[in-house]
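A quick note: this is a predicted structure, and the numbers were derived from the prediction, not measured. Whatever order the structure lists them in is the order used to number ligands and atoms, beginning at 1.
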Amino acid sequence: MTTHLAERQAVIDGCLAMNRLGINQGMSGNLSHRVEGGFLVTPTSMPYDAMTPDDIVEMGLDGTYLGNRRPSSEWRIHRDILRARPDVTVVLHAHPTFATALAVHGRGIPSFHYMVALAGGDSIRCAPYATFGTQELSDHALTALEGRLACLLANHGMIVLGTSVQSALSLAVEVETLARQYLYAQQLGEPVILPPDEIARVAEKMRRMKYGQPVDDSDAPEDTARPRS
Ligand code: 13P
């Protein structure tokens, strides 16, 4: 009997959405979802549109897996993040064009735009390069993600964390948009960088407004528009 059917389907739907949204292409990228006792992760080297729930690999936090498919070559990244970050349910890895264009220069995304705060800090860091699938790459990623929900990987791509497939997807689209905006802005020279105290103000306002989360007006702060009663 297939366990965690809903989560397996959510992983497949998330992968198909990554490609549809243009943040990934072909067989690159991978996605995981925490489940009791471990996590589910996409199999290695398999086209997303051919995946069925049985193809999604169930792994323990000890690195052992069940089933006939081999887990993503980046299973260490997924395992290490899910082990270290109890706030995270979903780990998304992709090779989006604009984020990767920055990452091949070893560049992260500074606070040139206030939306950088959505990723949890005043920058989106770029982790140093290491060969795909290695423990070294996973260690670099975990460090770059400290206090953050997103990072770039030098000469590789991006990682985004979420509490659901939907929240990870939507942050991945935001990060890719920021990368595109930053690259365009640089055509005119180095853009203005917002100072850390302004990003802290934005982050606090986002937290209070539950910015980027589904609307619940019952506890809306006073500076938020209210529904007419
Ligand atoms: P997998 O098919 O092994 O998940 O590899 C894709 C990838 O993007 C490696 O970084």
Side-chain angles (χ1 to χ4, degrees), residues 4 7-35 38-61 63-83 88-106 108 124-145 149-162 165 168-169 171-173 175-176 179:
H4 311 299
E7 290 87 351
R8 286 171 190 269
Q9 192 58 52
V11 167
I12 295 173
D13 292 346
C15 290
L16 294 172
M18 283 206 282
N19 284 10
R20 206 169 49 240
L21 291 164
I23 54 171
N24 206 46
Q25 43 281 316
M27 281 186 282
S28 56
N30 28 71
L31 190 66
S32 65
H33 193 301
R34 187 192 295 281
V35 293
F39 61 101
L40 302 172
V41 67
T42 43
T44 188
S45 312
M46 187 168 182
Y48 295 146
D49 55 9
M51 280 178 200
T52 68
D54 281 333
D55 293 318
I56 304 302
V57 184
E58 183 170 354
M59 294 196 81
L61 293 174
T64 56
Y65 70 92
L66 296 169
N68 301 323
R69 296 264 175 219
R70 276 184 304 131
S72 165
S73 55
E74 303 293 9
W75 64 268
R76 289 181 182 80
I77 288 184
H78 296 270
R79 188 270 309 266
D80 294 351
I81 293 170
L82 291 167
R83 196 162 53 183
V88 172
T89 304
V90 168
V91 180
L92 177 160
H93 166 55
H95 301 177
T97 302
F98 292 95
T100 305
L102 282 174
V104 299
H105 289 276
I124 296 168
R125 304 182 189 108
C126 182
Y129 180 79
T131 309
F132 84 96
T134 58
Q135 186 61 48
E136 193 186 2
L137 180 60
S138 177
D139 293 346
H140 288 330
L142 205 53
T143 303
L145 284 165
L149 294 173
C151 75
L152 307 189
L153 300 176
N155 304 86
H156 190 153
M158 73 153 62
I159 296 177
V160 170
L161 314 179
V165 170
L169 275 173
L171 183 57
V173 170
V175 174
E176 174 64 348

Atom indices of ligand 1 within 4.0 angstrom of His95 heavy atoms, with elements:
8 (O), 10 (O)
Considering non-hydrogen atoms of the protein only, which is the closest contact for atom 5 (O) of ligand 1, and what is the distance?
Ser73 OG, 3.3 Å
About how many Å separate CG of Leu137 and OG of Ser73, when rounded to the nearest 0.5 Å?
9.5 Å
For Thr42 and Asn30, does a side-chain donor sit closer than 3.5 Å to a side-chain acceptor?
no
In the protein, which heavy atom is nearest to atom 8 (O) of ligand 1, and how far is it?
Gly29 N, 2.9 Å
Only heavy atoms of His93, strictly under 4.0 Å: list the atoms of ligand 1 that pass.
8 (O), 10 (O)
With distance as the sole criterion, is a donor-acceptor pair present between the side chains of His156 and His93 under 3.5 Å?
yes
Looking only at protein heavy atoms, identify the closest one to atom 6 (C) of ligand 1 and say how far it is in Å.
Asn30 ND2, 3.5 Å
Examine Pro43 against ligand 1 and note whether any of their N/O atoms are separated by less than 3.5 Å.
no
Protein heavy-atom partner closest to atom 2 (O) of ligand 1 - residue, atom, separation in Å:
Ser45 N, 2.8 Å
Regarding ligand 1, does Glu74 bring an N or O atom to under 3.5 Å of one of the ligand's N or O atoms?
yes
Please could you name the atoms of ligand 1 that His156 approaches to less than 4.0 Å, counting only its heavy atoms?
10 (O)
Does the side chain of Leu142 reach to within under 4.5 Å of the side chain of Asp139, using non-hydrogen atoms?
no
Which heavy atom of Ser72 sits nearest to which heavy atom of Val41, and what is that distance?
CB-CG2, 4.0 Å
If you measure from the Lys or Arg side-chain nitrogens to the Asp or Glu carboxylate oxygens, is any gap between Glu58 and Arg8 under 4.0 Å?
yes
Modelled atom types, side-chain donor and acceptor of His95 and Asn24, under 3.5 Å:
no
Using a 4.0 Å cut-off to any heavy atom of Ser72, which atoms of ligand 1 qualify?
1 (P), 3 (O), 4 (O)
Thr44 versus ligand 1: do any nitrogen or oxygen atoms come within less than 3.5 Å of each other?
yes
To check you understand the geometry: which heavy-atom pair defines the closest contact between Ile159 and Ala141, and what is its length?
CD1-CB, 3.7 Å
